[in-house]
Number of protein chains: 2
Amino acid sequence: MTTASTASTGATRWLTDEEQRVWRAYLHATTLLEDHLDRQLQRDAGMPHIYYGLLVQLSQAPRRRMRMTELARNVKITRSRLSHAIARLEKNGWVRREECPSDKRGQNAVLTDDGYAMLGRSAPGHVDAVRQALFDRLTPEQVRSLGDIMRVLASGLEPEGTDADLPWLR
Amino acid sequence: MTTASTASTGATRWLTDEEQRVWRAYLHATTLLEDHLDRQLQRDAGMPHIYYGLLVQLSQAPRRRMRMTELARNVKITRSRLSHAIARLEKNGWVRREECPSDKRGQNAVLTDDGYAMLGRSAPGHVDAVRQALFDRLTPEQVRSLGDIMRVLASGLEPEGTDADLPWLR
DNA sequence: GACCTTTTCTTGAAAGTTTAACTAGATAGG
DNA sequence: CCTATCTAGTTAAACTTTCAAGAAAAGGTC
């Protein structure tokens with residue numbers, strides 16, 4: 001019941017010319033931007049974009065720590081992927097695992113001082129990169145519009161909404 | 001010279017509140033959509049989104065064949081990644097390699113009949129998924145606006161443009 | 001032609017991701 | 001309590017991507 005819309009009627013509503021152009025532009029731009037930021041962070045911070053996102057999340061959490069599952073949910077990755085990622089960040093000394101007092105199954109990922117420092121060092125460059133690629137190129141209306149559009153898309157794909165899918169991802 | 005903008009002055013222009021919200025929404029929506037389509041295609045066509053994109057490109061090329069480098073450029077991936085991907089698709093019987101007559105270094109990736117057939121089978125479902133996630137949720141103005149915005153972003157990240165980077169990617 | 005550089009594509013290993021199975025602790029019902 | 005079920009997180013194996021290196025043909029240049 002995830003796909004079916006024309007699947008039931010048999011008639012496929014293909015994309016119009018404009019839709020095709022927009023879709024291609026979307027794919028094109030989003031992959032270029034992701035590649036760009038991934039390379040920027042790999043070069044300046046020694047990690048892929050998503051790992052950086054994990055550190056940012058932790059840096060904003062109450063005591064710079066967060067339960068594994070919550071962290072995974074916030075960044076939209078599976079728990080498995082998070083396990084591997086945290087293992088790697090732990091090797092770098094930027095994150096540390098800590099048992100959860102209230103739930104013995106649980107683990108907290110904790111941002112270390114080293115991790116915090118490295119974030120402070122690389123954040124300016126990263127913000128710069130985002131600004132140059134995105135905000136400095138769009139008009140204020142476009143920025144507002146982009147926000148609206150992205151919120152619509154996200155709400156439609158959120159596990160909640162109309163057709164509740166699995167737990168929260170997969 | 002890729003990053004530096006405040007790097008030279010020392011003053012970081014952080015993101016405003018609205019910019020932060022927009023950026024988060026962007027990351028959120030784009031990762032959800034990519035995950036969604038990846039899963040849809042993995043389920044219905046047995047391959048990740050980017051592999052599907054390769055087949056689509058080939059299906060639209062003159063004699064359903066294309067030089068490796070051109071294919072890689074069109075889909076925005078490295079030649080190395082393409083080599084591995086084509087090897088996998090070859091194992092599936094959907095693509096076949098063919099030597100290039102005019103340039104003995106060259107290879108053409110050719111979409112097989114099996115590949116073409118499989119594309120015909122999975123295209124409707126994929127178009128449906130894109131439509132449901134994107135076009136059915138946006139107003140016509142939003143679609144137009146999204147196209148404009150994405151074209152601006154892409155043009156700024158294209159290896160050409162103002163600050164010519166490396167060959168075309170990396 | 002000999003020499004040097006560039007272009008095309010492949011390869012192998014390391015890094016990252018996915019999938020499915022699995023351990024251990026929490027929870028609910030009887 | 002005891003058992004069934006659920007939840008948190010990890011792990012192994014298969015697969016994909018990246019990175020660095022390299023083989024082979026093409027293009028100058030003298």
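Here is how names work: the chains are called A, B, and so on, in the same order as the sequence lines, proteins then strands, and each is numbered from 1.
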[X] [atom1] to [N] [atom2], straight-line distance once rounded to whole Å:
X        : N      : atom1 : atom2 : value
B:His49  : D:dT16 : NE2   : P     : 16 Å
B:Leu82  : C:dC9  : CG    : C1'   : 9 Å
A:Met47  : C:dT17 : CE    : C1'   : 18 Å
A:Asn108 : D:dG9  : CG    : C1'   : 12 Å
A:Leu71  : D:dT10 : CG    : P     : 11 Å
B:Arg39  : C:dA20 : CZ    : P     : 12 Å
B:Met66  : C:dT8  : CE    : C1'   : 16 Å
B:Lys76  : D:dT17 : NZ    : P     : 17 Å

Selection from [options] that lies nearest to any side-chain heavy atom of [X]:
X       : options                : result
A:Ile50 : D:dG9, D:dA26, C:dT17  : C:dT17
A:Arg81 : D:dA25, C:dT18, D:dT17 : C:dT18
B:Ser83 : C:dC9, D:dA26, C:dG16  : C:dC9

Report summary line: Checking B:Leu146, B:Leu134, B:Val143 against A:Trp23 for side chain to side chain contact (heavy atoms under 4.5 Å, CB included), the one that qualifies is B:Leu134
Check side-chain contact (heavy atoms from CB on, under 4.5 Å) between [X] and all other residues, then give those that pass, not counting sequence neighbours.
X        : result
A:Ala154 : B:His28, B:Ala29, B:Leu32
B:Ala25  : A:Met150, A:Arg151
A:Val152 : B:Arg137, B:Leu138
A:Thr31  : B:Lys76

Query raised in the report: For A:Asp38 and A:Gln107, take the nucleotide of DNA chain D holding the closest heavy atom to each; which residue's nucleotide lies nearer the 5' end?
Result: A:Gln107
Does OP1 or OP2 of [N] have a side-chain N or O of [X] closer than 4.0 Å?
X       : N      : result
B:Tyr51 : D:dC15 : no
A:Arg97 : D:dT10 : yes
A:Arg67 : D:dG9  : yes

**Report entry** Where protein sits on nucleotides 1-7 of chain D, one letter per nucleotide: B base, S sugar-phosphate only, - none, heavy atoms under 4.0 Å
**Finding:** ------B
Report task. Specify the residues of residues 84-95 of chain A, ordered by number, for which at least one heavy atom lies under 4.0 angstrom from an atom of DNA chain D. Result -> A:His84
Report task. Output all residues satisfying ring-ring contact (aromatic ring centres under 6.0 Å, His included) with A:Phe135, sequence neighbours left out; order by chain, then residue number. Result -> none
Report summary line: Whichever of B:Glu70 and A:Pro48 has the more 5' nearest nucleotide on DNA chain C, that residue is B:Glu70
Query - For B:His49, side chain to side chain donor-acceptor pair (under 3.5 Å) partners two or more places apart - result: B:Glu34
Query raised in the report: Does B:Ser80 get its side chain close enough to the base of C:dC9, under 3.5 Å, for a donor-acceptor pair?
Result: no
Query raised in the report: Restricting to pairs with a member in residues 105-114 of chain A, which pass side chain to side chain donor-acceptor pair (under 3.5 Å), not counting sequence neighbours?
Result: A:Asp103-A:Arg105
Query - Polar side chain donor-acceptor pair, B:Gln40 to B:Asp44, under 3.5 angstrom - result: yes
Query raised in the report: Which pair of heavy atoms, one from B:Met118 and one from B:Ala45, lies closest together, and at what distance?
Result: CE-O, 3.5 Å
